[in-house]
Amino acid sequence: MGAKPSKPSPKDRIDNAQRRMAQEMELDLTKWNWAVIGQTKAGKSSIVNAVQGMKDNDPGAARVGITEETMVMQKHALKNNEHCIVWDMPGAGTLAHPAKTYFDDKMLCAFDGLLLMSAHTFSEPDLMVIKRAREYNIPVALVRTMSDVHIGNLMHSEELSMDEAERKLRREARNNMRINLDRADFNHLYPEFFIVSSRVLYCHISGKGVQPGCVEMDEQSLLQWLCKELKKRETS
């Protein structure tokens, strides 16, 4: 019997995925490509619009709705940085895009980094993506979206002040993230974690002041982290 063929190395799998993505989806390997991923209705498309300096209803914006809107990968340039491309990915965990095979189906190893979105908690399929990304040394940031909605809900349901609601959201969201990752044996090695509102992110990107009544969370920190990661690539 002949020897079994060896499994392709992570580098080989990355090279193969990037070639396929370049052919099928026009992935430009001279750019810095980030995939915006997460389960359906996580607010991904609104974040993609915000980092372009667009509102959800602007011409050319990624489609946003109460049903699953993003069915295929869509690429958009980051405002003020033509070298950075963000890809709005279909939501995971649907019949069309099953969570179990999502990482391989979407060829996520071809990307330079992943922004993993959740409107509530990071679930088992999300943790599977993080583990797979670490096999390829792909940077991942966890982004808890819709902070403005959650703060408003806390103020209404628990009669908290805006500052109290902000502190509670920060505390509970971070604790929930750590608990879930610890249960999945991440050994306290947590990815970068940001809590954001697409509305506030839009204000920062477009150069407009944050509207009264909106709470700034980690929007600037997320943008600074992305810039830092880009500089790492440029100097590597």
Side-chain angles (χ1 to χ4, degrees), residues 25-28 31-94 96-97 102 106 108 111-120 122 126 129 139-152 169 173 192-227 229-230:
M25 300 301 300
E26 298 183 353
L27 180 77
D28 186 346
K31 306 289 187 181
W32 193 53
N33 294 279
W34 277 72
V36 179
I37 61 174
Q39 298 192 52
T40 187
K41 310 317 300 174
K44 299 183 298 297
S45 295
S46 289
I47 295 295
V48 168
N49 289 334
V51 299
Q52 297 179 81
M54 289 185 173
K55 295 181 179 180
D56 289 341
N57 292 327
D58 285 349
R63 292 182 61 186
V64 174
I66 61 173
T67 59
E68 184 181 6
E69 291 287 351
T70 306
M71 300 302 294
V72 296
M73 305 177 193
Q74 301 172 3
K75 60 181 178 179
H76 307 271
L78 184 70
K79 185 177 175 66
N80 301 326
N81 193 330
E82 62 181 15
H83 298 292
C84 185
I85 306 297
V86 290
W87 290 73
D88 189 13
M89 307 295 283
T94 66
H97 310 285
Y102 189 80
K106 302 299 176 259
L108 295 183
F111 292 92
D112 296 298
L114 307 177
L115 295 176
L116 178 54
M117 308 279 167
S118 175
H120 299 284
F122 292 97
D126 299 322
V129 167
V140 179
L142 304 184
V143 182
R144 178 76 178 267
T145 60
M146 305 185 191
S147 64
D148 49 346
V149 174
H150 295 303
I151 287 174
L169 176 59
E192 297 289 336
F193 179 68
F194 305 97
I195 306 171
V196 304
S197 158
S198 61
R199 294 177 182 177
V200 176
L201 193 59
Y202 162 79
C203 291
H204 284 300
I205 289 289
S206 62
K208 298 179 180 179
V210 176
Q211 298 174 355
C214 290
V215 179
E216 293 188 62
M217 298 290 281
D218 300 327
E219 293 83 10
Q220 287 191 355
S221 297
L222 172 60
L223 295 173
Q224 289 167 359
W225 181 77
L226 286 170
C227 290
E229 291 296 319
L230 177 56

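What you see below is based on every heavy atom in this structure, not just the backbone, and it leaves out hydrogens, waters and symmetry mates. For this chain, numbers begin at 1 and follow the sequence in order. Just so it is clear, the structure is predicted and the values come from calculations on it, not from any experiment.
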By the definition side chain to side chain contact (heavy atoms under 4.5 Å, CB included), identify the one residue from Leu115, Val86, Asp88, Val196 that meets it with Ile47.
Val196

Counting heavy atoms not belonging to Lys31, are there more than 12 under 6.0 Å from its NZ?
yes

At their closest point, which heavy atom of Leu27 faces which heavy atom of Trp87, and how far apart are they?
CD1-CZ2, 3.7 Å

On a heavy-atom basis, which atom in Trp34 and which in Glu229 lie closest, and how many Å separate them?
CZ2-CB, 4.1 Å

Quick one: are Tyr102 and Ile37 in side-chain contact, heavy atoms under 4.5 Å?
yes

If I compare all heavy atoms of Cys203 with all of Gly209, which pair ends up nearest, and what's the gap?
SG-O, 3.6 Å

State, to 0.1 Å, how close Lys55 and Ala61 come at their nearest heavy-atom pair, and which atoms those are.
O-CB, 3.4 Å

May I ask you to test the Met117-Val36 pair for a side-chain heavy-atom distance under 4.5 Å?
yes

Indicate yes or no: at least one non-hydrogen side-chain atom of Gln52 is less than 4.5 angstrom from one of Asp58.
no

With heavy-atom distances below 4.5 Å as the criterion, would you say the side chains of Arg144 and His150 are in contact?
yes

Would you confirm whether Ser198, through its side chain, and Ala50, through its main-chain N or O, come within 3.5 Å as a donor-acceptor pair?
no

Heavy-atom distance under 4.5 Å between the side chains of Met25 and Lys75, does that happen here?
no

Going by heavy atoms in the side chains, are Asp218 and Trp225 under 4.5 Å from each other?
no

When rounded to the nearest 0.5 angstrom, what distance separates CD in Gln74 from NZ in Lys44?
11.0 Å

Among Glu219, Lys208, Lys79, the one residue meeting side chain to side chain contact (heavy atoms under 4.5 Å, CB included) with Tyr202
Lys208

His204 vs Val210, test: side chain to side chain contact (heavy atoms under 4.5 Å, CB included). Steps then yes/no.
CA-CA 7 Å; His204 284 300; Val210 176; 4.1 Å; yes

Interatomic spacing from CG in Asp148 to CD in Glu216 - rounded to 0.5 Å:
12.5 Å

Sub-4.5 Å side-chain heavy-atom contact between Leu201 and Leu223:
yes

Closest heavy-atom contact between Met217 and Ser147?
CG-OG, 3.7 Å

Which pair of non-hydrogen atoms, one from Phe193 and one from Ala173, has the smallest distance, and what is that distance?
CZ-O, 3.8 Å

How long is the gap from CZ on Phe111 to CE on Met73, to the nearest 0.5 Å?
5.5 Å

Side-chain touch Leu169/Ile195, heavy atoms, less than 4.5 angstrom
yes

Quick one: CG on Leu226 to CD on Glu192, what's the gap to the nearest 0.5 Å?
10.5 Å

